[in-house]
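Worksheet: the structure to be examined is printed underneath.
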Amino acid sequence: MLPVLALEGVDKSFGAVAALRDARLELHAGEAHALVGENGAGKSTLVKILAGVHGPDAGRLLLDGQPVAFGSPADARAAGIAVIYQEPTLFPDLSVAENIFMGRQPLKGLRRIDASAMRERTNELFGRLGVQIDPDRPARGLSIADQQLVEIAKALSFDARVLVMDEPTAALSGVEVERLFAVARALRDDGAAILFISHRFDEVFALCQRVTVMRDGRWIATDEIGNLTVDGVVRTMVGRDISALFPKLETEPGEVRLTVDGLTRHGYFDDVSFTVRGGEIVALAGLVGAGRSEVARAIFGIDRYDAGQVHVDGRRLRPGDPPAAIAAGLALVPEDRRQQGLVMELSIERNATLPRRWALSRLGLLFGGSERRSAADWAKRLQVKAARNTDPVSTLSGGNQQKVVLAKWLSTEPRVLMIDEPTRGIDVGTKSEVHRLLSQLASEGVAVLMVSSELPEVLGMADRVLVMHEGRLVADIPRDQADEESVMFAATGQREAAA
Ligand SMILES: Nc1ncnc2c1ncn2[C@@H]1O[C@H](COP(=O)(O)OP(=O)(O)OP(=O)(O)O)[C@@H](O)[C@H]1O
Ligand SMILES: [Mg+2]
């Protein structure tokens, strides 16, 4: 059978970086095809070639067996290729519906935009996805999960023959992933070809019929899912045996470092109280939207709160003052790294040292040389794949950008580290490295508060699991009693476990 879309011998370089070398792919009608590889393997670059964002330096694209050249994303769209990009591309000041129908709004007489038709079609798309977002609200301020859902609705609004999804599920919760998969399966059964990129192998195995593995920009293998196992795919991907989870180091918890007392932000979370000791890793679990990130942001001072207090090492923290929080030894690795974590046009090195500059310059100190070393050290430990540390962060692959944000906060040497979804978008090889780092920091006496939606990560890493449900802390489960059932029960509000 002729592939709908094929890529043959494609090379693509950015300056000295060879992102793709002899890349290959064949997509068939009626199949969901997974593309896997480590951070920086070239997956998103391949997607951008299919989407007409980049032209290949060598090789060719075939549509129904015929060579094609896409001069722009509009060309690729016209050929029936819809793409959900890894980084949301919404315009913050446009409404949700306007974002979805950008440049092709339904018109009524005299070429005036038919706003009610647009709203209706947006609601129809959201209905298919089971999503509740107001089509008229601006995109600004949407959570990353909602931004991703708008991107998905946008891709579905084209009658695509090929649907490309570059890590669409990274920010979504289980229910949302299931709905997306149901829609993708329906499209596939109607004869569309799906290309699916994810670092979550359970999803790959749940959705896809074939898998293509890339390494260092090259095609390595393509096989039927029936011939593959997760371990086998991982081995092909990284070229060695690894485990996704680093075994936790046992440490004796020390003094209480972080105390949160009756913290309340109306409409977000209510009367949240807990402590974290030095040497302890405490997970904050719960469903997307339970208020976990909001609590972390309020503790750090990015958001204000209406009641309650935060103490670090016994000293009360001023609300709404992140520099004071940093000076007190607190760090927050935020969930939305692109909007809150990085300055895209600045170099990797500058990004990695930003908060430190912020803290140090308040104290009237700046250490040029040592800063550079420490940021570079962290970048190396986290295996950031970059040509030079002086390159702008915008040129890094998605997962490598995440690592820079981690490096940036780790280099502040915090005593209390709050980290929101520590391994989202990070490949299986580096995941265990991040876990190792967290474990090691805890063993050095750091208090770690980890917001995570990944149950294996929560159960594998945490000394204690705090569970939030609809803005309230509903459970505090010690390690030896935490399992999938106890956490999910509490997270879905089915049981208020003993606190
Ligand atoms: N615009 C660009 N300028 C310079 N280098 C780039 C650019 N885009 C990508 N690269 C480089 O190309 C390589 C492949 O990146 P790509 O984004 O395709 O990786 P990926 O497989 O999608 O990784 P991830 O899993 O982290 O998303 C990386 O080394 C990246 O730094
Ligand atoms: Mg990518």
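The structure presented is a predicted model; accordingly, all values stated were derived computationally and were not measured. Just the heavy atoms: all of them, side chains too, but no hydrogens, waters or symmetry mates, feed the values below. As the structure lists them, so they are numbered: ligands from 1, and atoms in each ligand from 1.
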* **Minimum side-chain heavy-atom gap Ile133-Arg137 below 4.5 Å** => yes
* Decide yes or no for Glu413 and Glu444: does some side-chain heavy atom of the first lie under 4.5 Å from some side-chain heavy atom of the second? => no
* **Atoms in ligand 1 flagged as close to Gln86, the criterion being non-hydrogen separation under 4.0 Å** => 27 (O)
* Report yes if some heavy atom in the side chain of Val282 is under 4.5 Å from a heavy atom in the side chain of Val448; otherwise report no. => no
* To do: State the atoms of ligand 1, each with its element, that fall below the 4.0 Å cut-off from a heavy-atom position in His199.
  => 25 (O)
* To do: Mind jotting down which residue pairs meet the ring pair (Phe, Tyr, Trp, His ring centres under 6.0 Å) criterion with at least one end in residues 152-200? Sequence neighbours excluded, please.
  => Phe181-Phe196
* Structure fact -> If you scan protein heavy atoms around atom 23 (O) of ligand 1, the nearest is Gly40 N, 2.8 Å
* Structure fact -> min-distance protein heavy atom vs atom 17 (O) of ligand 1 -> Ser397 CB, 3.3 Å
* Show your reasoning for whether salt bridge (Lys or Arg N to Asp or Glu O under 4.0 Å) applies to Asp93 and Arg140. => CA-CA 6 Å; Asp93 296 321; Arg140 183 183 304 284; 2.6 Å; yes
* Nearest-neighbour protein heavy atom for atom 8 (N) of ligand 1, which is reported as residue plus atom name and distance -> Phe14 CE1, 3.4 Å
* Please say which of Val36, Thr423, Val234 ends up in a side chain to side chain contact (heavy atoms under 4.5 Å, CB included) with Val428. => Val234
* Structure fact -> Taking 2.8 Å as the strict upper bound, the Mg ion (ligand 2) has protein N, O or S neighbours numbering 2
* Atom indices of ligand 1, in the order listed, that fall short of 4.0 Å to a heavy atom of Leu396 -> 31 (O)
* Which atoms of ligand 1 are found less than 4.0 Å from any heavy atom of Glu167? -> 25 (O), 27 (O)
* **Any residue meeting salt bridge (Lys or Arg N to Asp or Glu O under 4.0 Å) with Arg436, in chain and number order, not counting sequence neighbours** => Glu433
* Nearest protein heavy atom to atom 12 (O) of ligand 1, by residue and atom, and its distance? -> Ala19 CB, 3.3 Å
* **Sub-4.5 Å side-chain heavy-atom contact between Pro422 and Val333** => no
* Asked: Do ligand 1 and Gly42 have nitrogen or oxygen atoms that lie under 3.5 Å from each other?
  -> yes
* Asked: Between atom CD1 of Ile281 and atom CD of Glu457, what is the distance when rounded to the nearest 0.5 Å?
  -> 10.0 Å
* Just go through Arg215, Lys43, Glu38 and tell me whose heavy atom is the nearest to atom 25 (O) of ligand 1. => Lys43
* Asked: Are the side chains of Arg210 and Ile225 in touch, meaning some heavy atoms are under 4.5 Å apart?
  -> no
* Asked: Out of curiosity, is Gln401 lining ligand 1, as in a heavy atom under 4.0 Å away?
  -> no
* Heavy-atom nearest neighbour in the protein, as seen from atom 18 (O) of ligand 1, with distance rounded to 0.1 Å -> Thr45 OG1, 2.6 Å
* Asked: Any N or O of Gly399 that comes nearer than 3.5 Å to an N or O of ligand 1?
  -> yes
* Salt bridge flag under 4.0 Å for residues Lys248 and Asp463 -> yes
* Structure fact -> Quick note, ring pair (Phe, Tyr, Trp, His ring centres under 6.0 Å) partners involving residues 56-82, not counting sequence neighbours, are none
* Side-chain heavy atoms of Leu50 within contact of Leu25, under 4.5 Å -> yes
* To do: May I ask which of Thr430, Val17, Thr395, Asp216 has a heavy atom nearer to atom 30 (C) of ligand 1 than the others do?
  => Thr395
